[in-house]
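Okay, so here's the structure we're looking at.
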Amino acid sequence: MLIGQVAILTLVATACGGGSGNDADLKGVTCEPAGTTLQISAENTSFDTNCLAVPAGEAFEIVFENRDTDDHDVAIYPDEGDPLFQGEIFAGVETKTYDVPAIEAGTYRFQCDVHTEMNGVFIAK
């Protein structure tokens, strides 16, 4: 019986991915652009997605709903160096819309700068 319970717990833990893993968990994560308005939320110190995508070379907006009372933001980073974009850090429960300038084609990382374990893949395609 214990083996069955362990298997169920493993399955549940795997299915509840979200955007709070570390970079090793993000290898191979992919998604496709669906317009120039992205929606993302944070709750229980976790993003509700681990992949965001926009058309390359077009300005876009991120509608960010902070459902926590903790401070959070959304920032976009290349592999190394300064962020391509940093949204305002704010406590919830509140929603802010970030206007983001165009980003050239590539695969980047998005994260909360307060809780860097909250991260995911950002694709401009």
(request) Go through the structure and list residues passing side-chain contact (heavy atoms from CB on, under 4.5 Å) with Thr36, not counting sequence neighbours. (result)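 Partners of Thr36 under the side-chain contact (heavy atoms from CB on, under 4.5 Å) test: Pro55, Glu58, Phe60.
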(request) Take Val74 and Tyr98 through the side chain to side chain contact (heavy atoms under 4.5 Å, CB included) test and state the conclusion after the steps. (result) CA-CA 9 Å; Val74 178; Tyr98 300 135; 3.9 Å; yes
(request) Tell me, please, which residues at least two apart from Thr30 pass side chain to side chain donor-acceptor pair (under 3.5 Å). (result)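 By the side chain to side chain donor-acceptor pair (under 3.5 Å) rule, Thr30 matches no residue at all.
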(message) Just verifying a value: how many Å separate Ser41 OG and Phe47 CZ, rounded to the nearest 0.5 Å?
(response)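 Atom-to-atom, Ser41:OG and Phe47:CZ are 9.0 Å apart.
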(request) Quick one: pull up CG in Leu38 and OG1 in Thr49 and give me the separation to the nearest 0.5 Å. (result)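 Interatomic distance, Leu38 CG to Thr49 OG1, rounded to 0.5 Å: 9.5 Å.
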[Y] side chain reached by [X] side chain, heavy atoms, under 4.5 Å:
X: Phe64; Y: His72; result: yes
X: Arg109; Y: Val121; result: no
X: Thr97; Y: Ile62; result: no

Only pairs under 3.5 Å count here: list side-chain donor-acceptor contacts from residues 75-95, not counting sequence neighbours, and write none if there are none.
residue : atom : partner : partner atom : Å
Tyr77   : OH   : Asp113  : OD1          : 2.8
Tyr77   : OH   : Asp113  : OD2          : 3.3
Gln86   : NE2  : Asp113  : OD2          : 2.8
Glu94   : OE2  : Lys96   : NZ           : 3.4

(message) Considering only residues two or more places apart or on different chains, which pairs with a residue in residues 30-39 satisfy salt bridge (charged side-chain N to carboxylate O under 4.0 Å, His left out)?
(response)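 Pairs touching residues 30-39 that pass the test: Glu32-Lys125.
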(message) Does anything in residues 66-76 form a salt bridge (charged side-chain N to carboxylate O under 4.0 Å, His left out)? List the pairs, not counting sequence neighbours.
(response)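 Residue pairs passing salt bridge (charged side-chain N to carboxylate O under 4.0 Å, His left out), neighbours aside: Glu43-Arg67, Glu65-Arg67.
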(request) State, without any angle test, whether Thr37 and Glu61 hold a side-chain donor-acceptor pair at a distance under 3.5 Å. (result)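 Yes - a donor-acceptor pair under 3.5 Å links their side chains.
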Name all pairs fulfilling the disulfide (SG to SG under 2.5 Å) condition that reach into [range], sequence neighbours left out, sorted by first residue then second.
range: residues 57-88; result: none
range: residues 34-95; result: Cys31-Cys51
range: residues 86-125; result: none

(message) Through direct or indirect side-chain contacts below 4.5 angstrom among Ile, Leu, Val, Met, Phe, Trp and Tyr, which residues connect to Val63?
(response)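 Result for Val63 is none, singleton.
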(message) I need the minimum non-hydrogen distance between Pro33 and Ala53, along with the two atoms involved.
(response)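 Looking at all heavy atoms of both residues, the shortest contact is N-CB, 3.5 Å.
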(request) Go through Leu52 and Ile40 one step at a time and tell me if the side chain to side chain contact (heavy atoms under 4.5 Å, CB included) criterion holds. (result) CA-CA 9 Å; Leu52 295 171; Ile40 186 171; 4.0 Å; yes
